[in-house]
Amino acid sequence: MIERGKNISHFRLVIVNGKAYIEKFAKSYQTRDVFTIWGILQLLRLYPGKVPDLELMFHCGDKTVVFKKDFQGPQMSPPPVFHYCGEENSYDIVFPDWTFWGWAELSIRPWETTLHNIQEGNKMVKWKDRIPYAFWKGNPKVSIIRRELGKCNVTEKQDWNARIYDIQWLQERASNFENSKLENQCTFRYKIYAEGATWSVSEKYIIACDSMTMFIEPKYYDFFTRNMLPLRHYWPISTKNMCEEIKYAVDWGNAHLDHAQAIGDGGTNYILENLKMKFVYDYMFHLLNNYSKLLKFKPTIPIGAVEICSESMACSLHGQRKHFMVESMVISPSDTPPCILPPPYTPETLKEFLQEKENLIKQVKTRVINTKQ
C-alpha cells in the first residue's frame with residue numbers, strides 16, 4: 001500500500017531506532033520538503049526515543065492526490081500519503097505545513113516568532129480604531145475564488161466594504177518583503193481568508209490578527225481548523241454572493257462593534273490556545289504513533305535512503321534558510337510527555353457538532369437574505 005504512493009510523493013521518510021532516513025523522488029516547490037523534514041527532525045529531538053519505527057510517503061504540493069473515487073471497490077485500498085491539507089473527496093493524511101519552521105523564500109519566520117510579532121502588531125491600533133473595512137492581500141492568480149474576490153474591491157461606482165490588494169512579487173522581493181510583514185497587516189477590523197490552489201498557509205496568520213476573520217467557504221482543511229465554529233471564531237462567506245455578503249458582514253460588524261470584536265478575539269484565542277508549537281509537535285507525535293501501529297511489517301532502511309540529522313542539515317544551508325532552522329531548532333528534550341489525546345467524537349456528538357456549524361452558517365445566510373428584502 002505504501003509503495004503505491006511513490007509516484008505521487010516527493011519523498012519517503014523512514015524512522016528506525018530514532019534516526020530519520022530520507023529517499024527523495026521529486027523536487028518540491030521551493031524548500032517545502034526541506035522544512036517539512038526539518039520539522040520531523042525537531043520532533044525526534046523533542047521526544048527522543050518516543051517516536052516509533054515507521055515508513056511513510058509525503059506529498060509537498062498544493063493539491064490533494066489520493067482521491068476516494070479511485071478506490072471504491074473492496075479490493076482497492078488507497079495508498080497512505082501524508083500531505084498538508086485534505087478535503088471531503090480525498091484520503092490525504094493531514095500533516096502540519098512547512099511554514100511552522102519558516103518560509104525562507106517569503107521571509108516569513110518560524111511560527112513561534114511570527115505569532116509573537118503578530119501579537120505585538122495587534123497592539124499598534126486599538127480594535128475600534130482600526131480601518132472599518134475587510135482586508136485581503138495575496139496572489140489572485142492561483143484560484144478562481146481569489147479572482148472573484150478581486151471583483152469585490154472598491155471602485156468609483158461601487159463599494160463592497162472590501163480592500164483587496166494584489167501582491168506585487170517583483171517589488172516585494174526587491175524590498176525583502178518589508179511591505180508585506182504579517183505583523184503590519186492587523187490594522188483593519190476585518191480580514192478575509194480565501195483559499196489558493198487549495199488551502200492556504202495564510203490562514204493561521206490571518207486568524208491571529210484579532211480582526212474578525214471572514215472565511216470564504218473553504219473546500220479544503222488543514223489539521224487545526226475543523227473544530228472552529230461560525231460566529232464564535234469567524235464569519236462565514238459563501239462563494240455565490242461573495243461581495244454582497246462581505247458588505248453585509250462589515251456593515252453588521254460596524255453596527256455591532258463589541259460582537260464583531262468578540263468574534264475576532266474568539267478566532268485569535270483559538271489559535272493561541274490550540275496552535276502552540278508544543279501542540280503542533282504533539283499532533284505530529286500522535287499522528288505518527290497511531291500510523292505506525294497500522295504497519296504490518298518491520299520498517300528497514302531502504303537502499304538509496306540517506307540518514308539526516310539536524311546538525312548536518314542546518315550546516316549545509318546558508319542565509320535565511322539556515323537562520324530559520326537555527327531559530328526553530330529544538331534545543332533540548334521536552335520536560336513533559338506528549339499531551340494525552342482526548343477521546344474521539346462519538347458519531348452522535350460529531351453529528352451534533354456538524355449540525356451546529358451548518359445551522360450557524362444558515363443563520364448568517366438568512367440575515368443577508370432578509371436585508372435584501
Side-chain angles (χ1 to χ4, degrees), residues 86-89 127-128 130-136 143-155 157-164 188-195 198-200 202-203 206-207 209-222 224-271 274 345 347-373:
E87 42 113 2
E88 190 178 340
N89 299 314
W127 201 92
K128 290 177 182 176
R130 293 186 182 186
I131 301 166
Y133 296 107
F135 170 90
W136 182 85
S143 71
I144 294 172
I145 290 296
R146 290 186 176 185
R147 290 194 289 277
E148 288 299 308
L149 176 61
K151 297 175 183 177
C152 304
N153 211 354
V154 62
T155 65
K157 296 181 179 178
Q158 181 69 54
D159 190 346
W160 296 109
N161 291 338
R163 299 297 182 262
I164 312 300
F188 284 75
R189 288 180 188 167
Y190 315 95
K191 293 197 70 174
I192 298 168
Y193 170 69
E195 290 186 329
T198 52
W199 108 113
S200 169
S202 64
E203 189 170 34
I206 290 170
I207 302 169
C209 249
D210 281 350
S211 306
M212 186 178 90
T213 301
M214 300 180 190
F215 276 13
I216 300 178
E217 210 169 335
K219 178 184 174 185
Y220 298 86
Y221 56 82
D222 50 30
F224 64 89
T225 46
R226 281 181 290 173
N227 212 38
M228 297 179 74
L229 280 171
L231 303 186
R232 188 180 302 172
H233 304 115
Y234 66 93
W235 185 282
I237 301 289
S238 74
T239 53
K240 292 179 182 175
N241 303 297
M242 197 186 305
C243 300
E244 292 91 338
E245 292 193 17
I246 289 171
K247 185 178 189 313
Y248 174 84
V250 171
D251 286 339
W252 178 88
N254 289 338
H256 304 84
L257 289 178
D258 290 340
H259 289 312
Q261 185 174 359
I263 295 172
D265 288 342
T268 297
N269 288 335
Y270 180 93
I271 293 294
N274 294 292
Y345 280 111
E348 295 78 18
T349 311
L350 180 59
K351 186 178 178 182
E352 287 171 11
F353 174 79
L354 295 174
Q355 189 63 55
E356 181 185 8
K357 184 179 277 193
E358 191 178 322
N359 291 343
L360 288 167
I361 291 172
K362 284 180 181 175
Q363 183 182 318
V364 172
K365 286 184 178 177
T366 303
R367 288 186 194 177
V368 178
I369 291 168
N370 289 341
T371 59
K372 291 181 179 179
Q373 294 173 348

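From a predicted model like this one, the values you see are computed outputs, not experimental measurements. We number each residue from 1, following the sequence as shown.
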Trainee: My understanding is that only residues two or more places apart in sequence, or in another chain, count here; which of them pass ring-ring contact (aromatic ring centres under 6.0 Å, His included) with Trp252?
Mentor: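 Here the qualifying residues are Trp235, His256.
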Trainee: Does the Glu87 side chain pair with the main chain of Lys219, one donor and one acceptor, at a distance under 3.5 Å?
Mentor: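 Not confirmed, Glu87 side chain does not pair with Lys219 backbone.
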Trainee: Carefully, step by step, assess Lys357 and Asn227 under the rule side chain to side chain contact (heavy atoms under 4.5 Å, CB included).
Mentor: CA-CA 9 Å; Lys357 184 179 277 193; Asn227 212 38; over 6 Å; no
Trainee: Does Glu148 form a salt bridge (charged side-chain N to carboxylate O under 4.0 Å, His left out) with Lys151? I'd like the steps, not just the answer.
Mentor: CA-CA 5 Å; Glu148 288 299 308; Lys151 297 175 183 177; 2.9 Å; yes
Trainee: Show your working on side chain to side chain contact (heavy atoms under 4.5 Å, CB included) between Tyr270 and Thr225 and close with a plain yes or no.
Mentor: CA-CA 9 Å; Tyr270 180 93; Thr225 46; 5.6 Å; no
Trainee: Take Asp258 and Lys128 through the test salt bridge (charged side-chain N to carboxylate O under 4.0 Å, His left out) and record every step on the way to the result.
Mentor: CA-CA 9 Å; Asp258 290 340; Lys128 290 177 182 176; 2.8 Å; yes
Trainee: Residues in ring-ring contact (aromatic ring centres under 6.0 Å, His included) with Phe215, at least two apart?
Mentor: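 Partners of Phe215 by the ring-ring contact (aromatic ring centres under 6.0 Å, His included) criterion, ordered by chain and then number, come out as Tyr193, Tyr234.
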Trainee: Would you please name every residue forming a ring-ring contact (aromatic ring centres under 6.0 Å, His included) with Phe188, sequence neighbours left out?
Mentor: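 Listed in chain order: Phe135.
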Trainee: Just by distance, do the side chain of Thr268 and the backbone of Ile207 share a donor-acceptor pair under 3.5 Å?
Mentor: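 Yes: the side chain of Thr268 pairs with the backbone of Ile207.
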Trainee: Any side-chain to backbone donor/acceptor pair from Glu195 onto Tyr220? Under 3.5 Å, distance only.
Mentor: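 Checked: pair present.
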Trainee: With distance as the sole criterion, is a donor-acceptor pair present between the side chains of Asn359 and Gln363 under 3.5 Å?
Mentor: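 There is no such pair (donor and acceptor under 3.5 Å, judged by atom type) between the side chains of Asn359 and Gln363.
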Trainee: Test your reading of the model: is there a side-chain donor-acceptor pair from Arg189 to the backbone of Asn254, 3.5 Å cut-off?
Mentor: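 No: the side chain of Arg189 does not pair with the backbone of Asn254.
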Trainee: Report the C-alpha separation of Trp127 and Leu257 in whole Å, then their side-chain angles, then the decisive distance to 0.1 Å, and conclude whether the side chain to side chain contact (heavy atoms under 4.5 Å, CB included) test is met.
Mentor: CA-CA 9 Å; Trp127 201 92; Leu257 289 178; 3.9 Å; yes
Trainee: Checking the side chain of Glu217 only, and the main-chain atoms of Thr239 only, is there a donor and an acceptor separated by less than 3.5 Å?
Mentor: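 Checked: pair present.
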